[in-house]
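Beneath this line is the structure, given in structure tokens, with notes to follow.
Per chain, numbering begins at 1; letters A, B, ... match sequence-line order.
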Protein chains: 2
Amino acid sequence: MHDALLQHIEKFISLEPSEIDTLESCLQLSKVKKKEHVLQEGQTCNTLYFIVKGCMRQYIINSKGTEQTLQFGIENWWITDYLSYHNHTPSHFYIQAVENCEVIAIEKPTLESIFIEIPKLERYFRVVSQKSFGAAQMRIKFLFTMSAEERYHHINNLFPEFVQRVPQYMLASYLDFSAEFMSKIRAGKV
Amino acid sequence: MHDALLQHIEKFISLEPSEIDTLESCLQLSKVKKKEHVLQEGQTCNTLYFIVKGCMRQYIINSKGTEQTLQFGIENWWITDYLSYHNHTPSHFYIQAVENCEVIAIEKPTLESIFIEIPKLERYFRVVSQKSFGAAQMRIKFLFTMSAEERYHHINNLFPEFVQRVPQYMLASYLDFSAEFMSKIRAGKV
DNA sequence: CGAGTTTCTTGAAGTAGTTCAAGTTTTAAA
DNA sequence: TTTAAAACTTGAACTACTTCAAGAAACTCG
């Protein structure tokens with residue numbers, strides 16, 4: 001069963017029972033252990049990951065050797081490096097499980113054959129990726145317009161459970177400030 | 001004629017002559033004068049813009065009243081606010097012509113009817129938006145890892161003509177530093 | 001449990017960038 | 001071909017953050 005993905009797809013398009021069967025026959029759930037990588041910098045990314053359960057992140061290692069998280073993904077999100085995926089170029093990113101995860105990993109050839117059998121899935125992926133792009137633009141807006149403290153309070157108001165869910169230093173880098181500064185914001189020392 | 005868009009589409013999918021006819025009958029070229037807005041903050045965005053000629057930008061006005069450019073678009077790029085478009089919510093952005101432009105503006109109902117007639121266009125928009133999302137992630141990577149001076153030199157090496165093409169203060173805000181600081185970088189005073 | 005690893009905290013010193021204000025240069029429009 | 005508006009420059013004072021170093025707390029798994 002891949003209820004989570006099917007339900008997500010059916011938010012955007014409706015599937016015939018036969019199409020659901022087709023999909024189920026192509027997909028399989030797999031587990032990714034906490035800290036395990038599904039993509040390393042330099043590898044070509046050939047797979048999309050749908051997160052059924054857990055939390056993953058995309059990150060880089062900067063020139064000082066520090067990890068910086070660019071993106072988190074939780075339940076019902078896709079995570080991948082689309083640029084590497086489409087251009088067959090080495091990825092600039094690591095993708096790693098933050099928690100023990102259950103994911104549906106779809107390889108490019110599998111997905112292409114699914115698109116041939118169920119062309120309307122193109123629509124699902126179109127809408128999802130357009131929304132993701134829109135979200136990325138909002139993220140850039142927040143990074144540009146808010147101070148470090150405002151960014152912390154903003155995310156803490158919107159997603160308080162999520163702020164508890166991931167290590168502080170990962171969240172700090174995602175918000176583009178240092179882990180030490182985050183500690184001071186939380187302590188009210190700033 | 002909408003050669004530019006048709007050629008762009010045919011980089012990703014192939015169209016039958018009849019489909020080209022259908023498309024041509026639905027699309028019209030329009031002009032947008034320099035400084036004219038096609039979207040204002042607070043409006044719901046209902047249109048995708050394909051830039052045939054010219055340069056546009058998406059920007060916000062920050063709490064100090066200064067414009068900050070989040071995104072540029074030039075020939076063969078789409079520009080819109082996908083979040084407002086999909087969620088029917090008020091946009092956070094302005095979209096404005098930086099130069100006199102020729103664009104193909106497609107309203108949502110028109111596009112939906114085109115998708116019904118030519119379903120494989122879903123694929124075109126899927127791939128284009130996945131690549132745009134990938135590009136947005138790379139942009140965040142650069143913002144996170146490079147100093148202001150490195151960001152300037154990076155874009156100046158990659159797109160020297162583009163750097164000449166737009167006002168410096170717009171480019172400075174796109175790279176997330178002040179116009180004054182950009183002036184100092186260029187003068188080598190930093 | 002207990003030892004090791006991972007995560008978080010704190011303060012002091014430093015810096016990459018901002019802000020402001022005023023002047024200069026360039027562009028455009030009539 | 002002049003005038004206004006838009007864009008760019010400069011230096012001085014300031015500040016929001018970083019970096020470093022060291023210690024404390026909190027997980028985790030034999």
Residues sharing A:Ile51's hydrophobic cluster, by side-chain heavy-atom contacts under 4.5 Å among ILVMFWY, directly or via others?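 A:Val32, A:Val38, A:Leu39, A:Tyr49, A:Met56, A:Ile79, A:Ile95, A:Val103, which link up through side-chain heavy atoms under 4.5 Å apart, make up the rest of the cluster.
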
Sort and list the pairs that fulfil side-chain hydrogen bond (donor to acceptor under 3.5 Å, both in side chains) and have at least one residue in residues 127-136 of chain B, not counting sequence neighbours.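 Counting only pairs at least two positions apart or across chains, the side-chain hydrogen bond (donor to acceptor under 3.5 Å, both in side chains) contacts touching residues 127-136 of chain B are A:His86-B:Gln130, A:Asn87-B:Lys131, A:Ser129-B:Ser129, B:Arg126-B:Gln130.
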
State which residues pass side chain to side chain donor-acceptor pair (under 3.5 Å) with B:Ser91; sequence neighbours excluded, sorted by chain then number. B:Asp81

Contacts under 3.5 Å, N or O only, protein and nucleotides 26-30 of chain D:
from   : atom 1 : to      : atom 2 : distance (Å)
D:dT28 : OP1    : A:Lys34 : NZ     : 3.4

Applying ring pair (Phe, Tyr, Trp, His ring centres under 6.0 Å) to A:Phe125 and not counting sequence neighbours gives A:Trp78, A:Phe115

Under the side-chain contact (heavy atoms from CB on, under 4.5 Å) rule, collect the residues that match up with B:Thr69, sequence neighbours excluded.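 Only B:Arg57, B:Tyr59, B:Phe72, B:Met170, B:Ser173, B:Tyr174 meet the side-chain contact (heavy atoms from CB on, under 4.5 Å) criterion with B:Thr69.
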
Restricting to side-chain contact (heavy atoms from CB on, under 4.5 Å), what partner residues turn up for B:Asp176, sequence neighbours left out?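 Counting only residues at least two positions away or on another chain, B:Asp176 forms a side-chain contact (heavy atoms from CB on, under 4.5 Å) with A:Phe144, B:Gln68, B:Leu143, B:Arg151.
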
In degrees rounded to 10°, what angle is found between the helical axes fit to the five outermost pairs at each end of the helix from C:dC1-D:dG30 to C:dA30-D:dT1? 60°

Contact check, residues 163-172 of chain B vs DNA chain D, heavy-atom distance under 4.0 Å, returns B:Pro167, B:Gln168, B:Tyr169

Salt bridge (charged side-chain N to carboxylate O under 4.0 Å, His left out) partners of B:Glu36, counting only residues at least two apart: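 Result, salt bridge (charged side-chain N to carboxylate O under 4.0 Å, His left out) vs B:Glu36: none returned.
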
Using the test salt bridge (charged side-chain N to carboxylate O under 4.0 Å, His left out), find all partners of B:Lys53 that sit at least two apart in sequence or belong to another chain. none

In the 5'-to-3' direction, what one-character label does each nucleotide of nucleotides 12-19 of chain C receive under the scheme B = base within less than 4.0 Å of a protein heavy atom, S = sugar-phosphate only, - = no such atom? B----BBB

